[in-house]
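In what follows, a structure is listed as structure tokens, so that the remarks can point back to it.
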Amino acid sequence: QLQASGGGLVQAGGSLRLSCAASGRSFSSDQMGWFRQAPGKEREFVSAITWNGGRTYYADSVKGRFTISRDNAKNTVYLQMNSLKPEDTAVYYCAANTWRTYSDWVYSGVREYNYWGQGTLVTVSS
């Protein structure tokens, strides 16, 4: 089970740090990702990190502003979001890809992930 937290209301230019805590099983050998879904839009990829943190990948829209990281000892993944923009407003979901254990290839497709958290709402005001 994945539990996302850290969302909230922030002004444009501000920062938030999202956390995704895993329980019930370890995801330390699995790729983790963050996705988001704005009202009326499809869920989209934000960022992903390989099982050991060796590789990360970002959507162009967040590159240079967001940073993904993980602490396998705590079974937790983070998304540091800086310089937030109103267009970053969405429900943010963390997800795990357990089909490709110990993979060093980063996956960005929604269908590549088979475990999903419940989402946390991020609202950026202008």
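Nothing fancy with the numbering, it's 1 onward along the sequence. Only heavy atoms go into these numbers, but all of them, side chains included; no hydrogens, no water, no symmetry mates.
In summary, the aromatic rings of Phe35 and Trp116 are positioned with their centroids under 6.0 Å apart. Ring to ring, Tyr57 and Tyr107 are not that close: their centroids are 6.0 angstrom or more apart. Side-chain rings of Tyr58 and Phe45 stay apart, their centers remaining 6.0 Å or farther from each other.
With a 6.0 Å cutoff to the six-membered ring centre and a 45° limit on the axis angle, Arg25 counts as a cation-pi contact of Phe27. For Arg70 and Trp51, the positive end is not near the middle of the six-membered ring at less than 6.0 Å and at most 45° from its axis. A cation-pi arrangement, defined by a distance under 6.0 Å to the six-membered ring centre and an angle within 45 degrees of its axis, is absent between Arg36 and Tyr93.
In this structure a side-chain-to-backbone donor-acceptor pair under 3.5 Å is present from Thr89 to Val124. Panel note: side chain Gln118, backbone Ala4; a donor-acceptor pair is recorded below 3.5 Å. In this structure, the side chain of Thr120 does not engage the main chain of Ser5 through any donor-acceptor pair within 3.5 Å. Asn114 places a side-chain N or O within donor-acceptor distance of the main-chain N or O of Thr98, the cut-off being under 3.5 Å. A donor-acceptor distance shorter than 3.5 angstrom exists from the side chain of Thr76 to the backbone of Lys74, with no hydrogens or angles considered. Judged purely by atom type and a 3.5 angstrom limit, Asp88 has no side-chain atom pairing as donor or acceptor with the backbone of Ser61. Arg55 contributes no side-chain N or O that, together with a main-chain N or O of Thr50, makes up a donor-acceptor pair within less than 3.5 Å.
Counting heavy atoms from C-beta outward, Tyr92 and Leu121 have side chains that stay 4.5 Å or more apart. At least one side-chain heavy atom of Gln31 sits under 4.5 Å from a side-chain heavy atom of Val106. In this structure the side chain of Ile49 reaches within 4.5 angstrom of the side chain of Thr56, judged on heavy atoms. Counting heavy atoms from C-beta outward, Gln80 and Ser15 have side chains that approach closer than 4.5 Å. A 4.5 Å side-chain heavy-atom check between Cys94 and Trp34 finds at least one atom pair inside the cut-off. Residues Glu112 and Val110 fail the side-chain proximity criterion, which asks for heavy atoms closer than 4.5 Å.
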Decide yes or no on side-chain contact (heavy atoms from CB on, under 4.5 Å) for Leu18 and Tyr78, but give the supporting numbers first.
CA-CA 6 Å; Leu18 304 185; Tyr78 305 97; over 6 Å; no

Check step by step if side-chain contact (heavy atoms from CB on, under 4.5 Å) holds for Phe66 and Val46.
CA-CA 9 Å; Phe66 290 11; Val46 175; 3.8 Å; yes

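Taking CG of Leu79 as the start and OG of Ser47 as the end, the distance is 6.0 Å to the nearest 0.5 Å. Between the OH atom of Tyr113 and the CG atom of Asp30 there is a distance of 10.5 Å, given to the nearest 0.5 Å. Atom SG of residue Cys20 and atom CD of residue Gln3 lie 8.5 Å apart, to the nearest 0.5 angstrom. From Ser28, atom OG reaches atom CG of Asn52 across 10.5 Å, with rounding to the nearest 0.5 Å.
Minimum heavy-atom separation, Leu84 to Arg65: CA-NH1, 3.8 Å. Nearest approach of Val91 to Gly119, heavy atoms of both residues: CG1-CA, 3.8 Å. Here the closest non-hydrogen pair linking Ser125 and Leu9 is CB-CD1, 4.4 Å. For the residue pair Val10 and Leu16, the shortest heavy atom distance occurs at CG1-CD1, 4.0 Å. Of all heavy-atom pairs between Ala90 and Ala38, the closest is CB-N, 3.8 Å. For Leu2 against Ala22, the heavy-atom pair with the smallest separation is CD2-CB, 3.7 Å.
The environment of CH2 in Trp99 is crowded: more than 12 heavy-atom neighbours from other residues, nucleotides or ligands sit within 6.0 Å. Residue Glu87 qualifies as enclosed at atom CD: its count of foreign heavy atoms under 6.0 Å is above 12. Atom NZ of Lys41 has 12 or fewer neighbouring heavy atoms from other residues, nucleotides or ligands inside a 6.0 Å radius.
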